[in-house]
Amino acid sequence: TGNVAYDPGFVNTANARSAITYIDGANGVLRYRGYPIEELAQHSSFIETAYLLIYGELPTPDELSAFDTRVRRHTMVHEDLKSFFNGFPRNAHPMPVLSSAVSALSTFYADSLDPFDEEQVEISTIRLLAKVPTLAAYAFKKSKGEPMLYPQNDLDYTQNFLRMCFGVPAEDYEIDPDTAKALDVLLMLHADHEQNCSTSTVRLVGSSHANMFASVSAGINALYGPLHGGANEAVLGMLNRIQKDGVEPETFMEKVKNKEDGVRLMGFGHRVYKNYDPRARIVRNYAHEILEKLGGNDEQLEIAMRLEEKALADDYFVERKLYPNVDFYTGLIYKAMGFPEKMFTVLFAIGRLPGWIAQWREMIEDPETKIGRPRQLYVGQSERHYPQR
Ligand code: CMC
């Protein structure tokens, strides 16, 4: 096999030169295109951050308005795609429904999928940004047995999504500005995170020159796993169990530390952050404010805070440099907003979309890109012969 380096999990292997997101894991630093995440969370919007990630610079007011308008004009999906949702069982998890729907989108735009045609890449970018929230809301409505709502383009990105999720045709839906603002910030915090599992998947699939819809659909499936985006749903499952069974957080922590049944403290630990995840810090501050306003589950927030406090003072976690990650507190906020646990990872997917698109475009434009094709160390049988019976 020659000079093959063995690096399971790509812990020490870079697969890309990227100018999009910078992380300093030792110091808990995250920047999109050079801008600290804290500044963006305070001053920017999700749609502006999407522009920044994809095009590399903050937009001028005119550029932002043109981009925003363009996205708003593409929010509807083909009527035929609606019937697609009837093919799933009523209790279907919305993540596989979403990834299937995103994959299906490419069949409606089969004449504009050339990864090397700039205009086609541009229209695919806009279509994905615009239609994924609509598809996500359809998946949600389907699971509730409620009628799907058409997008309403006088609303901004996040407000439109909230209305499609929680509105009903019989009444006007009043958007709560605190909820919309909080969701917009949460989406922004998820917008990119360099070469994580789903983004690497998007790049790897795209490196075969598969189109953007196919690549993003694969990314959604990678995000679904509980060690990645699925962790936000798993955190709530963990808090629910602790609360329901009346387990003391201390007892639960002992189980984690003894690695009983492979139990992990979900929402803790990160491949790159060996310090407090800066996104988690922002979410943690928000959690108090939002839960107070929206009337969330205080007891679960209390449990989460006790788990965090115990973990940060415990040798097991200190030695391994395990800190809360972005998923630790987000679920509590999503729940207070009215989203069921099944939707949490879908919200992550909507947030991560600009990052996937930006990274896919960077990969396609990079002359150094080659088809992704890891090597292996073969440990199987040496040659043997088929028995002559
Ligand atoms: N609870 C208990 N122990 C842990 C945890 C945890 N959450 N995370 C890591 N460890 C231990 C692990 O058992 C290992 O111990 P030892 O050295 O004794 O074998 C050590 O810490 C190093 O862990 P690792 O699994 O080698 O680390 P990794 O970089 O491969 O995994 C991770 C990173 C995020 C998958 C992992 O920390 C984890 O499973 N966390 C829980 C799931 C989670 O919250 N995922 C969300 C990640 S952040 C955003 C996102 O991608 O969604």
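Order of listing sets the numbers, starting from 1, for every ligand and every atom in it.
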Atom 21 (O) of ligand 1 within contact range, any protein heavy atom under 4.0 Å: yes
Numbered atoms of ligand 1 (with element) below 4.0 Å of Lys259, judged on heavy atoms: 13 (O), 15 (O), 16 (P), 18 (O), 19 (O)
Note: Thr49 and Ala191 closest approach over all heavy atoms is CG2-CB, 4.2 Å
May I ask whether Phe348 places a heavy atom under 4.0 Å from ligand 1? yes
Do Ser18 and Glu362 pair up side chain to side chain, a donor and an acceptor below 3.5 Å, judged on atom types alone? yes
Would you say Leu265 has any N or O atom under 3.5 Å from an N or O of ligand 1, going by distance alone? yes
Considering Leu227, Val256, Val326, Asp327 one by one, which has a heavy atom nearer to atom 35 (C) of ligand 1 than any of the others? Leu227
With heavy-atom distances below 4.0 Å as the criterion, list the atoms of ligand 1 near Ala231. 43 (C), 44 (O), 45 (N), 46 (C)
Atom 41 (C) of ligand 1: which protein heavy atom is closest, and how many Å away? Phe268 O, 3.4 Å
Do you see a donor-acceptor pair shorter than 3.5 Å between the side chains of Asp184 and Ser45? no
With a 4.0 Å cut-off, strictly under, does atom 26 (O) of ligand 1 pick up any protein heavy atom? no
Can the ring centroids of His193 and His270 be said to lie less than 6.0 angstrom from one another? yes
Show which atoms of ligand 1 fall inside a sub-4.0 Å distance from at least one heavy-atom site of Tyr316. 2 (C), 3 (N), 4 (C), 11 (C), 13 (O)
From the options His228, Met238, Arg320, Arg279, select the one whose nearest heavy atom is closest to atom 14 (C) of ligand 1. Arg320
Ligand 1 atoms nearer than 4.0 angstrom to some heavy atom of Gly229 are 52 (O)
Is the positively charged end of Arg163 above the ring of Tyr173, judged by distance under 6.0 angstrom from the centroid and angle within 45° of the axis? no
Counting heavy atoms not belonging to Asp172, are there more than 12 under 6.0 Å from its CG? no
What residue and heavy atom of the protein are closest to atom 42 (C) of ligand 1, and at what distance? Met266 CE, 3.6 Å
Return the option from Arg271, Glu319, Arg264 holding the heavy atom at the smallest distance from atom 12 (C) of ligand 1. Arg264
Which heavy-atom pair separates Ala104 from Phe84 by the least distance, and what is that distance? CB-CE1, 4.0 Å
Taking every heavy atom of Leu113 against every heavy atom of Gln120, the minimum-distance pair comes out as N-OE1, 3.0 Å
Does NZ or CZ of Arg284 lie under 6.0 Å from the centre of the six-membered ring of Phe328, at an angle within 45° of the ring axis? no
Closest protein heavy atom to atom 34 (C) of ligand 1, given as residue, atom name and distance to 0.1 Å: Gly269 O, 3.6 Å
Please confirm whether the ring centroid of Tyr323 lies under 6.0 Å from the ring centroid of Tyr273. no
Would you mind listing which atoms of ligand 1 come within a distance below 4.0 Å of any non-hydrogen atom of Gly267? 43 (C), 44 (O)
Indicate, as side chain, backbone, both or neither, the part of Leu322 found under 4.0 angstrom from ligand 1 when only non-hydrogen atoms are considered. side chain
